[in-house]
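One structure is given here, and the rest of the page talks about it.
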Amino acid sequence: MRLDVVSIFPEYLAALDVSLVGKAAKSGLLDVHLHDLRDWTHDRHRTVDDTPYGGGAGMVMKPEPWGQALDALAPADGPTQPRLIVPTPAGRPFTQELAYELAAEPWLAFACGRYEGIDARVASYAAERMRVDEVSIGDYVLNGGEVAVLVMVEAVARLLPGVIGNPESLAEESHSGDGLLEYPVYTKPPAWRGYDVPEVLLSGNHGLIAEWRHEQSVRRTAERRPDLLAAWGDVLSDQDGAEGVR
Ligand SMILES: Nc1nc2cc(Br)ccc2s1
């Protein structure tokens, strides 16, 4: 997968060279290209923003640099086009489902907005030749799209075949196929500061363990994300809670 990221702070994306994503890049699974939007400005101050039409506080990112950046990294007469992702608080929610969808794309481009956002005509211009998704990573406002890109790139990259060691671990994560939150996990020692690992996990009875884990997932989802529980009936039992038996 090729990834292009355009930002006025490309150094913000240096984190993509670290850890799992960095390993994927070094192994050739990811081909990451960072671009400084100011490379497509032509005035002495390398201006990328201006005051908003219609008034209001803050500044808006000018369309010209973005248009030239998109034309440079994805020429209109090129053989293929990227899928353009524009992080914005006003976007569609970024979900695990969307992460899987993006992981299937051969080429993603990310446009990192700053200030009050990017002139709306840029997305319209881009949509003439590439798929454009304006995406939100949550109902809060950041100072720019760079952090959102780091979140989305990590969520997408880890789904690429060969990036994480044990693909089986993807199946049981929160927000994986069954729509439930992940069950609580434990490791040695069996007793720690007055907390014991739930007995069922030490039993070796894989059927009981699977049943306990499912019930814990449902319990957690009901407590923390009842909105996700719409598809599940009340299968909670009155077994010991996940905090362990004191
Ligand atoms: N939650 C989010 N906040 C922001 C702010 C700006 Br400015 C650009 C993108 C995003 S995504």
Side-chain angles (χ1 to χ4, degrees), residues 1-18 21 30 32-41 43 45-70 72-74 82-103 105 107-127 130-159 174-175 224-225 227-228:
M1 174 188 285
R2 175 170 171 136
L3 287 183
D4 284 273
V5 186
V6 182
S7 165
I8 59 172
F9 296 122
E11 64 276 15
Y12 220 118
L13 284 301
L16 292 179
D17 292 338
V18 178
V21 175
L30 271 181
V32 181
H33 299 261
L34 304 180
H35 309 274
D36 184 344
L37 180 67
R38 295 189 196 275
D39 289 350
W40 289 283
T41 60
D43 62 303
H45 298 293
R46 308 186 82 200
T47 308
V48 293
D49 63 320
D50 203 335
T51 53
Y53 276 123
M59 303 290 274
V60 173
M61 297 193 97
K62 295 166 56 66
E64 300 97 325
W66 281 107
Q68 291 174 33
L70 290 172
L73 61 90
R83 181 165 177 177
L84 179 65
I85 309 297
V86 185
T88 167
R92 64 183 282 203
F94 181 66
T95 62
Q96 192 66 13
E97 182 182 3
L98 181 52
Y100 272 105
E101 193 183 309
L102 297 182
E105 295 286 349
W107 185 9
L108 295 177
F110 292 89
C112 297
R114 283 263 148 185
Y115 312 109
E116 299 306 312
I118 302 172
D119 185 298
R121 290 169 291 181
V122 173
S124 304
Y125 169 74
M130 62 187 80
R131 181 165 177 180
V132 180
D133 294 271
E134 297 190 56
V135 179
S136 164
I137 61 164
D139 293 337
Y140 41 80
V141 183
L142 303 168
N143 283 332
E146 288 80 7
V147 169
V149 169
L150 290 173
V151 166
M152 290 191 273
V153 168
E154 172 146 333
V156 169
R158 64 193 299 275
L159 302 177
S174 292
H175 310 293
R224 300 177 185 178
R225 291 293 305 277
D227 57 300
L228 295 179

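Because the structure is predicted, anything quoted here is derived from the model rather than measured. We count ligands from 1, going down the list as the structure has it; atoms in each ligand are counted the same way. In what follows, residues are counted from 1 in the order of the sequence shown. Atoms considered below: every heavy atom in the structure, side chains included; atoms not considered: hydrogens, waters and symmetry mates.
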Contact set, ligand 1, heavy-atom distance under 4.0 Å, ordered by chain/number, equals Pro87, Thr88, Pro89, Gly113, Arg114, Tyr115, Tyr140, Val141, Leu142, Asn143, Gly144, Gly145
| message | Regarding Arg114 and Asp49, does a basic nitrogen lie under 4.0 Å from an acidic carboxylate oxygen? | response | no
Practice problem: Considering only NZ, NE, NH1 and NH2 on the basic side and carboxylate oxygens on the acidic side, decide whether Arg121 and Glu64 come within less than 4.0 Å. | Solution: no
For Arg38, the salt bridge (charged side-chain N to carboxylate O under 4.0 Å, His left out) test, sequence neighbours excluded, returns none
I'd like to know if the side chain of Ser136 reaches the main chain of Gly138, judged simply by a donor and an acceptor atom lying under 3.5 Å from each other, with no hydrogens or angles considered. yes
From the list Asp50, Ile118, Asp119, side-chain contact (heavy atoms from CB on, under 4.5 Å) with Pro63 holds only for Asp119
Using the ring of each side chain (for Trp, its six-membered ring), is His35 parallel, tilted or perpendicular to His33, with breaks at 30° and 60°? parallel
